[in-house]
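Take a look at the structure below.
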Amino acid sequence: MKVYLDNGATTKTAPEVVEAMMLYFTEQYGNASSLHTFGREAKDALDTARATIAKKLNATPEEIIFTSGGTESDNLAIKGIAYAHKDKGNHIITSKIEHPAVLSTCATLEKEGFKVTYLDVDKEGLIKPEQVKKAITDKTILVTIMHANNEIGTIEPIKEIGEICKIHKIFFHTDAVQSFTKVPLDVKMISVDLISLSGHKIHGPKGVGVLYVKKGTKLKKMSDGGGHEFRLRAGTENISGIVGFAKATEFVSEKDVRDVQKLRDKLMDGLLKIPHTQLNGSRKQRLSNNVNISFNYIEGESLLMSLDDRGIAVSTGSACSSHSLQPSHVLMALGLKPEIAHGSIRFTLSKYTTEDEIDFTIKTVKEVVEKLRQFSPLGR
Ligand code: PLP
């Protein structure tokens with residue numbers, strides 16, 4: 001049996017999505033800026049996809065900017081605000097558990113003279129809105145706090161944080177790459193100026209993303225070129241990718257989210273029956289597809305490789321940092337000891353995950369953990 005439980009890293013592109021994209025490779029391959037029929041077909045597809053994604057967020061099409069993915073959206077949002085509003089202030093507030101796309105962008109800005117406050121999180125990974133309020137100074141121009149964490153699945157109180165930013169007239173950006181289509185996001189209900197999204201986390205293609213930019217928000221563009229994407233992101237639009245992204249937004253229903261959550265709970269409860277384990281993140285404020293567990297006395301990498309041998313794909317930390325020997329910055333921010341953080345595994349489900357796969361995973365993890373502990377130099 002082959003079991004893919006690394007949907008936080010990337011998802012299977014849904015066959016329906018691939019089918020919708022095909023036309024724009026094989027027949028309607030025009031450039032959306034061209035005036036002839038091929039070009040107009042591409043422009044129609046672009047407009048329709050933009051409207052679909054806008055509707056999903058309860059936004060307007062002019063507020064949807066297509067990018068190459070979550071990383072570019074985070075860069076455009078954070079640097080775009082920082083450079084366009086540096087005359088008003090040089091202070092940014094974020095958290096210690098953001099994705100590297102946000103943390104490295106902030107680090108770059110610090111080298112350029114911006115000041116960044118990295119908020120602590122509690123042991124479940126939650127930020128209290130009060131902390132944001134306290135960190136605000138008269139130089140603060142931007143707050144960037146993720147909607148849901150990619151490693152531990154904790155869902156942050158972005159509605160309350162957005163309200164604070166609105167009162168203080170500070171821009172609010174949220175990275176919703178992991179939460180999109182799992183947790184409802186309505187820009188009329190939440191006070192937010194910028195939202196990052198990515199296609200490949202929601203059964204869409206890789207290499208396409210969105211930055212929602214609230215009407216009237218001034219951003220500095222990152223690259224020079226043509227006037228594409230309302231002059232914010234130059235370059236010929238990736239029509240097939242954009243069409244695929246739009247199609248993917250319709251792929252996961254509320255029922256699918258509930259079904260995945262049931263399987264998530266089964267997996268979580270099954271794995272926590274293994275002695276000397278603990279759940280990382282919040283039980284209540286948690287993404288419907290995320291289980292992150294520390295298995296004491298073993299190395300996460302050994303567990304990952306043994307599970308891979310048995311056909312189960314999982315991850316340690318986030319995919320981007322899993323090649324490093326440093327314990328995950330997210331788990332360290334929760335206050336875990338390095339040796340506990342090193343024994344942590346993330347299991348991320350999708351709509352394609354079946355109950356048989358979950359049963360097989362619980363059984364296999366139990367066996368492998370027992371075996372590894374027998375030989376563990378970390379001993380008991
Ligand atoms: N933000 C979060 C929370 C993520 O999980 C990821 C991907 O792992 C990204 C940003 C980067 O997205 P992309 O891979 O589309 O650049």
Side-chain angles (χ1 to χ4, degrees), residues 4-13 17 53 64-80 94-108 118 121 125-127 144-156 158 161 173-183 185 192 194-212 222-223 233 235 238 241-242 244-246 248-249 280-281 285-292 313-324 328-331 333 346-350:
Y4 185 74
L5 291 176
D6 201 12
N7 290 281
T10 198
T11 56
K12 168 176 165 168
T13 313
V17 167
I53 294 173
I64 302 299
I65 308 298
F66 287 109
T67 66
S68 65
T71 302
E72 188 187 335
S73 296
D74 285 342
N75 272 266
L76 179 57
I78 299 169
K79 290 181 187 153
T94 186
S95 83
K96 288 190 177 163
I97 63 163
E98 298 297 311
H99 188 272
V102 168
L103 291 177
S104 332
T105 303
C106 288
T108 299
Y118 297 89
V121 294
L126 283 161
I127 293 152
T144 170
I145 301 285
M146 68 204 320
H147 191 192
N149 184 269
N150 45 303
E151 292 190 37
I152 53 172
T154 301
I155 300 170
E156 301 297 343
I158 60 164
I161 295 171
H173 165 243
T174 193
D175 176 332
V177 164
Q178 292 287 342
S179 60
F180 190 47
T181 72
K182 299 182 190 88
V183 186
L185 189 51
V192 58
L194 303 131
I195 304 171
S196 300
L197 308 174
S198 174
H200 73 104
K201 310 284 185 180
I202 63 161
H203 303 287
K206 294 174 183 57
V208 59
V210 157
L211 182 64
Y212 159 82
M222 292 297 109
S223 55
R233 204 270 183 177
N238 168 11
I242 288 168
F245 190 168
T249 65
N280 297 316
Q285 300 300 319
R286 187 175 200 101
L287 279 182
S288 50
N289 73 331
N290 176 296
V291 177
N292 187 312
V314 297
S315 76
T316 56
S318 66
C320 337
S321 63
S322 57
H323 291 291
S324 91
S328 136
H329 69 284
V330 175
L331 298 179
R346 178 185 74 172
F347 305 81
T348 37
L349 293 72
S350 84

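Each ligand, and each atom within it, is numbered from 1 in the order the structure gives.
Between Tyr212 and Leu194 the shortest side-chain heavy-atom distance does not fall below 4.5 Å.
Every atom of ligand 1 is numbered from 1 in the order shown, and the set under 4.0 Å from a heavy atom of Gly69 is 15 (O). Remark: ligand 1 atoms within the under-4.0 Å shell around heavy atoms of Asn150 are 3 (C), 5 (O). Using a 4.0 Å cut-off to heavy atoms of Ser198, the atoms of ligand 1 that qualify are 13 (P), 15 (O).
Among Glu98, His99, His200, Glu151, the residue whose heavy atom sits closest to atom 4 (C) of ligand 1 is His99. Here the shortest heavy-atom distance to atom 12 (O) of ligand 1, taken over Ser179, Gly70, Ala176, Ala148, belongs to Gly70. With distances taken over non-hydrogen atoms, the option nearest atom 16 (O) of ligand 1 out of Val208, Asn149, Thr71 is Thr71.
Contact annotation for Lys201 and ligand 1: only side-chain heavy atoms (C-beta onward) come within less than 4.0 Å of the ligand.
Residue Ser95 comes nearest to Ile127 through the heavy atom pair CB-CD1, 3.4 Å, listed as atom of the first residue, atom of the second, then distance. Residue Asn75 comes nearest to Met222 through the heavy atom pair O-SD, 4.5 Å, listed as atom of the first residue, atom of the second, then distance.
Screening His200, His99, Met146, Lys201 against Val177 for a side chain to side chain contact (heavy atoms under 4.5 Å, CB included) leaves a single residue, Lys201.
Evaluation of the salt bridge (charged side-chain N to carboxylate O under 4.0 Å, His left out) rule for Lys12 yields no partner, not counting sequence neighbours. For Ser179, the side chain to side chain donor-acceptor pair (under 3.5 Å) partners two or more places apart in sequence, or in a different chain, are His147.
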